[in-house]
Amino acid sequence: MVPFQQRKDSVLEGSARVTPSVQPHLQSIRNMSVSRTMEDSCELDLVYVTERIIAVSFPSTANEENFRSNLREVAQMLKSKHGGNYLLFNLSERRPDITKLHAKVLEFGWPDLHTPALEKICSICKAMDTWLNADPHNVVVLHNKGNRGRIGVVIAAYMHYSNISASADQALDRFAMKRFYEDKIVPIGQPSQRRYVHYFSGLLSGSIKMNNKPLFLHHVIMHGIPNFESKGGCRPFLRIYQAMQPVYTSGIYNIPGDSQTSVCITIEPGLLLKGDILLKCYHKKFRSPARDVIFRVQFHTCAIHDLGVVFGKEDLDDAFKDDRFPEYGKVEFVFSYGPEKIQGMEHLENGPSVSVDYNTSDPLIRWDSYDNFSGHRDDGMEAGNKQNTNSQSGSISGGLEDQYPWPDTHWPSQS
């Protein structure tokens, strides 16, 4: 593996971290773009995480005209400094102007504030490592529009990946990636993003063993009732996705305020889950054609070894920082190894104050929040991707057991 180099004398210019060797090339652009936009609207964050890994991030609210202008200026800087030796990884939605501005682009986008599929994390790390090892002058550019959590997932995952063949020459790089992740990403990241980094690290080190057994979801229990209505209580319903394809929609549960301490959503027969799973719990507003997200959680079945799994508030996307979700609240998943009804679970039945509306044909309930992201983009989500079909069929790993040094692990089959 080609040793990376991290300069100890890197400096912070305005809001873009640049190394002294890069500073002359950035001077005119920094005056026009980096300083201007950071002062006006914080629309560009360009950081040399290491000398060979560059993070370029724009907020989702970036003004489109300024965004296009900054894209052009960043492209000019990269070509001036690195010539044809940079490879851009687009972690956001596909845009034609990005592919026009840069000679080498890899599309790895996924929805903002979410975690990518485990397979996609592996593919990104493999592609980064291949490019960086091909030439000591090669650099990687991570491009993102939206929350920087996307960049954080990649940086943290590659930090663990590069540690497989650890060398003293790379120690400073790993330290720089760790510092960037902890300082810039952890405060704004989502719990599921941290969970997937943990999965990836554990699979590489061997501390997480692969679950080869099928899992059937029977119950989702919400302990502690969120207050999404003015008088307390909420009207939750579930949407479950496998490989970002919707596979289940529950009825709408009406829970009056202070009437329950918990609510159980039962799925019978049990729902077979395999691979990357996203469970999203919505609140359907009363007498209003709108919905709010109560919580969201992503996990991979390969890392689930217990038939009862509990996620605390701090483990739930969106809910972890929402005052409407009680501090003591948690969500419990009850699995089994077969679809048959689990005996002895009568105590989970809801009280008479909880009613259920099974009219799931309501467009508000059926509307899929990922359609707009994936409809015409090759980004690995639902209808849009033709490259990552292994995440939706075949083995859960998509053949990764042949590409990665998972210690003593065997990927379970989805067939």
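Below, each value reflects all heavy atoms present in this structure, side chains not excepted, and no hydrogens, waters or symmetry copies.
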Just wondering, more than 12 heavy atoms not from Tyr337 lying within 6.0 Å of its OH? yes
Measure from the ring center of Phe335 to the ring center of His219 and say whether it is less than 6.0 Å. no
Less than 3.5 Å apart, any donor N or O on the side chain of His218 or Ser336 sitting next to an acceptor on the other? yes
Smallest heavy-atom separation, Arg148 atom then Ser57 atom, equals CG-OG, 3.3 Å
Worksheet entry | Donor on one side chain, acceptor on other, Asn227 and Arg324, under 3.5 Å | no
Side chains of Asn66 and Asn70 only: does a donor on one sit below 3.5 Å from an acceptor on the other?
no
**Study point:** Aromatic Phe58 / basic Lys145 pairing, under 6.0 angstrom, 45° off normal
**Key:** no
Exercise for review: Report the C-alpha separation of Val247 and Leu271 in whole Å, then their side-chain angles, then the decisive distance to 0.1 Å, and conclude whether the side-chain contact (heavy atoms from CB on, under 4.5 Å) test is met.
Suggested key: CA-CA 9 Å; Val247 294; Leu271 178 66; 4.3 Å; yes
Hits for ring-ring contact (aromatic ring centres under 6.0 Å, His included) against Phe325, two or more places apart or cross-chain, chain-then-number order -> none
task = State whether the side chain of Arg52 and the backbone N or O of Val140 hold a donor-acceptor pair below 3.5 Å, judged by distance alone.
result = no
For Lys330, does the NZ atom have more than 12 heavy-atom neighbours from other residues, nucleotides or ligands under 6.0 Å away? no
When you measure from the side chain of Asn254 to the backbone N and O of Ser355, does any donor-acceptor pair fall under 3.5 Å? no
Yes or no on salt bridge (charged side-chain N to carboxylate O under 4.0 Å, His left out) for Lys341 and Glu268, after CA distance, side-chain angles and deciding distance? CA-CA 7 Å; Lys341 181 178 179 179; Glu268 295 296 352; over 6 Å; no
Output for pair (Lys284 NZ, Cys234 SG), nearest 0.5 Å, gives 13.5 Å
Scanning both residues in full, the closest heavy-atom pair of Lys120 with Phe108 reads CD-O, 3.5 Å
Whether over 12 other heavy atoms sit under 6.0 Å from His223 NE2: yes
Q.
With a 6.0 Å cut-off on the ring centroids, do His114 and Tyr370 count as close?
A. yes
In short, Asp112 meets Ser60 closest at the heavy-atom pair OD2-CB, 4.5 Å
All heavy atoms of Leu273 vs all of Thr301, minimum pair found to be O-CG2, 3.7 Å
- CG of Asp362: more than 12 outside heavy atoms within 6.0 angstrom? yes
Closest non-hydrogen atoms of Tyr196 and Ala117, given as atom of the first, atom of the second and distance, are CE2-C, 4.2 Å
Output for pair (Thr261 OG1, Met222 CE), nearest 0.5 Å, gives 11.5 Å
Apply the test side-chain contact (heavy atoms from CB on, under 4.5 Å) to residues Phe67 and Asn63: give CA-CA distance (whole Å), side-chain angles for both, the deciding distance (0.1 Å), then the verdict.
CA-CA 6 Å; Phe67 179 52; Asn63 175 275; over 6 Å; no
Margin query: Closer than 3.5 angstrom, by distance alone: can the side chain of Asn133 be matched with the main-chain N or O of Thr130 as a donor-acceptor pair?
Written below: no
Between the CD1 atom in Ile221 and the CD1 atom in Ile265, the distance rounded to the nearest 0.5 Å is 10.5 Å
The residue among Val141, Ile54, Leu101, Val56 that forms side-chain contact (heavy atoms from CB on, under 4.5 Å) with Val74 is Val56
Output for pair (Leu88 CG, Leu106 CG), nearest 0.5 Å, gives 8.5 Å
CD1 (Ile208) and OG (Ser201) are apart, to the nearest 0.5 Å, by 7.5 Å
Partner of Pro236 under side-chain contact (heavy atoms from CB on, under 4.5 Å), picked from Ile255, Asp292, Val220, is Ile255
For the residue pair His143 and Asn90, confirm or rule out a side-chain donor-acceptor distance under 3.5 Å.
yes
Nearest heavy-atom contact between Arg235 and Lys285 is NH1-O, 3.6 Å
Would Ser162 and Arg174 count as a side-chain contact (heavy atoms from CB on, under 4.5 Å) here? Give the steps. CA-CA 8 Å; Ser162 62; Arg174 289 191 298 277; 3.9 Å; yes
Could you check Arg95 against Glu64 for salt bridge (charged side-chain N to carboxylate O under 4.0 Å, His left out), going step by step and ending with a plain yes or no? CA-CA 12 Å; Arg95 291 177 59 105; Glu64 183 64 20; 2.7 Å; yes
Q: Mind telling me whether Phe299 and Phe333 have parallel, tilted or perpendicular rings, with 30° and 60° as the class edges?
A: perpendicular
Ignoring hydrogens and angles, state whether a donor on the side chain of Asp129 or Tyr158 is under 3.5 Å from an acceptor on the partner side chain. yes
Open item on the list: Pair Leu307, Leu215 - check side-chain contact (heavy atoms from CB on, under 4.5 Å), show working.
Closed with: CA-CA 8 Å; Leu307 296 180; Leu215 288 176; 4.2 Å; yes
Within 6.0 angstrom of Lys104 NZ, more than 12 heavy atoms from elsewhere: yes
Separation between CD1 (Ile151) and CG (Asn144), nearest 0.5 Å, reads 4.5 Å
**Prompt:** Are Lys313 and Asp322 ion-paired here, with the side-chain N under 4.0 Å from a carboxylate O?
**Reply:** no
